[in-house]
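Single-structure report; data block below.
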Amino acid sequence: MLEAHAPVYTEPLSIRIVVRVLGSMRLAVHLLLFVAIASIIGTVLPQQEVYTDYSHQFGPFWFTVFGHLDLYDVYRCGWYMGIVAFLIISTTVCVLRNAPPMVREMRHVPSSPSAHFLQKRPEHFTSTSAKAHGEILQSAVAALRDFGYQARPVQDNAGKTQLFAQKGRFYRIGYLLTHVGIILFCVGAIYNANLPLKWAEWTGTVHPEKNFDLPLSKIPQSSWLSSSSSAFRGIITIPVGQTVNAMFELVGDGFLVQHLPFMLRLDAFKVTHYSNGLAKDFVSTVSLYHHDGKLFKTGIVRVNHPMSVSGVQIYQSSYSDSASRLQLHNYLLSDPGLPPATINAAVGEHLKTFGSQYAISLRDFKTQNVIPRKAVGLSSGAHHGMINMGPTVSYLVNNDRDHTQILIKSYMKPFSRHDEDYRLIGFREMGSTTYHYLTIPQGPQHGIRLFMTYLDDLEQAARHGENASKAVFLHNLDKAQAQTRVFLNVHDRDWFLQSSLKAMQELRAYPLPFLTVFHHYDLHWSAGLEITRYPGMKIIYIACFALVFGIFILFYVPRRRIWIQIDEDKEKSRINLFADSSRNEEDFHRDMEDLNAQLQEKL
């Protein structure tokens with residue numbers, strides 16, 4: 001048995017249908033929602049940072065997921081720019097479709113509408129008067145003037161004279177300005193995204209370099225960008241006294257080298273701190289030169305106060321030491337009585353010690369370092385629970401035999417506990433997040449030489465078979481004082497004895513056969529600068545003005561229209577008041593009630 005199917009007619013896809021879909025409000029709202037969500041992600045998630053930082057922060061799984069979604073450079077990824085471009089097309093079609101009738105409506109005022117049109121108005125009041133037609137018109141004009149309306153007489157379709165008044169004739173400009181503002185904002189965003197660079201990446205014209213340790217002179221030309229790039233955002237770290245003419249722009253898991261349109265020299269750098277050790281302000285003094293070496297501008301760059309030159313913004317983003325010279329004293333725990341070996345090195349250098357079994361890499365140096373007070377046995381302060389330990393050096397120790405890695409922090413400044421001074425050394429294994437601390441008592445001469453000599457004397461006494469007793473401890477302390485010529489009074493002697501025994505217990509958990517103490521430093525600063533050029537910002541500023549002004553018109557400039565008709569009779573004339581408003585209908589209704597009441601009083 002055959003089934004009968006009703007014929008299905010499909011409307012062919014036409015330009016009119018496409019235009020209707022592109023210009024629909026529903027599509028524009030969804031696109032705006034997607035752009036807003038993506039922009040929130042780009043605001044919350046730091047953009048254009050080194051991929052290893054993301055990996056440590058999110059873990060391998062989410063790092064891979066976020067990477068596939070291009071969330072580490074949201075504002076320049078393909079899907080974001082595609083949504084923004086589609087929003088431009090949709091909003092432009094909407095403006096082109098609706099602007100002509102809006103302009104015609106603002107130019108052509110329907111002052112003599114049909115009776116059917118007037119009857120559809122939401123506000124309608126009727127009253128009567130025995131006055132003559134001319135007097136009624138004068139009274140109505142006066143009442144409208146009291147409410148801020150300029151009325152004018154017009155002829156209706158039947159040839160009768162009526163009054164027409166309105167406010168906010170050009171309220172539709174608010175709609176046009178908001179839509180044009182959205183278009184300009186999106187155009188500026190795409191302009192700042194540097195589409196030529198994205199195209200060069202997609203076509204393989206440029207290749208981001210992935211070796212961050214490669215010297216600048218050996219970076220291939222395929223990883224360099226011209227100084228004439230329309231937009232860029234990069235970072236550079238400059239030691240005081242040096243000049244650069246390029247910076248690094250992070251792209252994915254690599255980087256590109258961006259030529260600067262000028263040469264930049266860091267003349268000076270200064271950092272100030274709060275009492276708790278946190279950075280309060282850091283300021284760079286920079287000089288800009290043409291490529292022929294001629295100075296053309298000098299200025300100051302500080303946090304939140306960038307320096308601007310020819311559309312390029314120079315921001316202060318960070319600071320660090322620049323190969324500062326550090327002096328450390330290295331004690332051998334196997335023979336602590338020996339004088340310490342002096343190590344002079346710079347941050348970034350690699351050293352060998354203990355028969356080349358241990359490799360030391362100086363990783364970081366800070367002039368201020370804040371740690372919890374509880375970590376060193378101190379109670380929380382009155383205002384905060386942190387203590388500023390001052391200059392600190394961090395170094396990584398690799399054991400070439402068992403391949404273990406120990407991270408050490410050595411603090412140069414002693415801290416005081418119960419009016420006694422201690423030197424602090426923190427240590428932890430790589431992979432652990434918790435630091436363990438050694439609190440070594442200092443002698444009167446602000447060093448740990450007395451403690452190390454005392455430790456050596458006790459070890460020798462133990463090797464000679466002496467048992468631990470108070471007499472042995474006191475005898476060897478007197479011996480250490482005589483050897484170092486550092487003498488303690490009675491009070492300090494009791495404190496030093498107790499603190500030394502506690503420090504020796506802490507040393508049992510210390511994983512290295514040597515103790516490196518931070519002694520002195522010769523500071524050299526480097527400033528981290530962020531340099532940007534966003535030519536689309538001027539367009540975005542215009543867009544912001546259009547959006548704000550358009551929204552202001554939409555909220556505070558409603559269109560209000562009033563028609564007053566007078567139907568003459570033998571005894572009395574009938575006055576009909578019709579009115580409408582584009583928004584705030586409740587307020588408008590109360591105004592029309594007051595207007596009608598005043599009109600009746602005058603009539």
Side-chain angles (χ1 to χ4, degrees), residues 49-50 52-53 56 211-218 235-244 247-248 250 255 265-273 277-279 282-284 316-331 340-354 356 358-371 388-400 405-414 423-430 435 437-438 512 514-530:
E49 293 192 353
V50 181
T52 53
D53 295 342
H56 293 156
N211 184 4
F212 285 85
D213 296 325
L214 199 64
L216 192 64
S217 58
K218 295 186 178 180
I235 55 175
I236 188 66
T237 301
I238 314 172
V240 173
Q242 292 195 14
T243 303
V244 298
M247 66 175 182
F248 302 97
L250 297 178
F255 66 92
R265 174 185 170 85
L266 180 63
D267 298 322
F269 181 83
K270 181 181 179 181
V271 58
T272 56
H273 298 84
L278 298 177
F282 38 100
V283 182
S284 297
Q316 182 75 67
S317 61
S318 63
Y319 67 93
S320 61
D321 72 286
S322 174
S324 297
R325 300 303 300 178
L326 309 177
Q327 187 181 95
L328 304 98
H329 288 173
N330 194 37
Y331 294 88
T342 300
I343 300 175
N344 292 297
V347 175
E349 290 190 14
H350 304 280
L351 310 170
K352 288 285 188 178
T353 188
F354 214 80
S356 298
Y358 294 92
I360 300 178
S361 302
L362 298 177
R363 302 183 63 181
D364 191 21
F365 165 66
K366 296 179 179 179
T367 58
Q368 307 288 329
N369 199 350
V370 180
I371 63 173
N388 179 20
M389 293 300 300
T392 307
V393 62
S394 300
Y395 56 92
L396 182 66
V397 180
N398 290 274
N399 189 336
D400 293 338
Q405 292 182 318
I406 307 296
L407 187 61
I408 306 293
K409 277 189 176 182
S410 184
Y411 302 84
M412 191 183 81
K413 174 185 174 182
R423 292 296 292 269
L424 186 67
I425 295 177
F427 63 93
R428 68 174 174 85
E429 294 186 6
M430 290 298 293
Y435 272 95
Y437 291 97
L438 300 178
L512 298 175
F514 56 86
L515 197 64
T516 304
V517 180
F518 188 16
H519 182 69
H520 183 68
Y521 68 92
D522 184 14
L523 181 61
H524 298 279
W525 282 118
S526 287
L529 301 178
E530 179 179 302

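Given the structure is predicted, the values throughout are model-derived calculations rather than measurements.
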field: Separation of L328 CG from H520 NE2 (nearest 0.5 Å)
entry: 11.5 Å
- prompt: Is there a donor-acceptor pair under 3.5 Å between the side chain of R265 and the backbone N or O of G241?
  reply: yes
message: Let me confirm one number: the CD1-OH distance from I425 to Y435, rounded to the nearest 0.5 Å.
response: 13.0 Å
message: Angle between ring planes, Y358 versus F514, binned at 30° and 60°: parallel, tilted or perpendicular?
response: perpendicular
- request: If the plane angle is over 60° it's perpendicular, under 30° parallel, otherwise tilted; pick one for H329 and Y331.
  value: perpendicular
- prompt: Hey, what do you get for CD1 (I406) to CZ (F427), rounding to the nearest 0.5 Å?
  reply: 8.5 Å
message: Could you check whether any side-chain N or O of R325 sits under 3.5 Å from a backbone N or O of H524, counting only pairs where one atom can act as donor and the other as acceptor?
response: no
message: Test your reading of the model: is there a side-chain donor-acceptor pair from S526 to the backbone of T237, 3.5 Å cut-off?
response: no
Derivation and outcome, side chain to side chain contact (heavy atoms under 4.5 Å, CB included), residues D400 and K352: CA-CA 10 Å; D400 293 338; K352 288 285 188 178; 2.8 Å; yes
message: How long is the straight-line distance from CG of D364 back to CG of L396, given to the nearest 0.5 Å?
response: 12.0 Å
field: Pairwise side-chain contact, M247 with L529, heavy-atom cut-off 4.5 Å (strictly under)
entry: no
Minimum heavy-atom distance between Y437 and G426, given as atom pair plus value: CD2-CA, 3.7 Å
field: Sub-4.5 Å side-chain heavy-atom contact between V283 and Q316
entry: no
Side chain proximity check, L512 to I408, heavy atoms < 4.5 angstrom: yes
- request: Please work out which of the three classes, parallel, tilted or perpendicular, describes the rings of F212 and F255, given edges at 30° and 60°.
  value: tilted
query: Parallel under 30°, tilted from 30 to 60°, perpendicular over 60°: which one fits the rings of F282 and F269?
result: tilted
task: Kindly indicate whether the side chain of L351, heavy atoms from C-beta on, has any atom under 4.5 Å from the side chain of Y395.
output: no
- prompt: When rounded to the nearest 0.5 angstrom, what distance separates CG in N369 from CG in N388?
  reply: 8.0 Å
task: Please check if the side chain of S317 supplies one atom and the backbone of G528 the other of a donor-acceptor pair under 3.5 Å.
output: yes
Atom CD of E349 with >12 non-hydrogen neighbours under 6.0 angstrom: yes
- request: Indicate whether the side chain of H350 and that of S361 have a donor and an acceptor atom separated by less than 3.5 Å.
  value: yes
- prompt: Under the side chain to side chain contact (heavy atoms under 4.5 Å, CB included) criterion, do R363 and V347 qualify, and how do the steps go?
  reply: CA-CA 6 Å; R363 302 183 63 181; V347 175; over 6 Å; no
statement: Nearest heavy-atom contact between Q242 and I238 is O-CG2, 3.6 Å
message: How long is the straight-line distance from CG of L326 back to CG of L523, given to the nearest 0.5 Å?
response: 9.5 Å
- prompt: Just wondering, do I371 and K409 contact through their side chains at under 4.5 Å, heavy atoms?
  reply: no
Close side-chain approach of F365 and F518, heavy atoms under 4.5 Å: yes
task: Apply side chain to side chain contact (heavy atoms under 4.5 Å, CB included) to the pair V397 and T516, showing each step before the final yes or no.
output: CA-CA 11 Å; V397 180; T516 304; over 6 Å; no
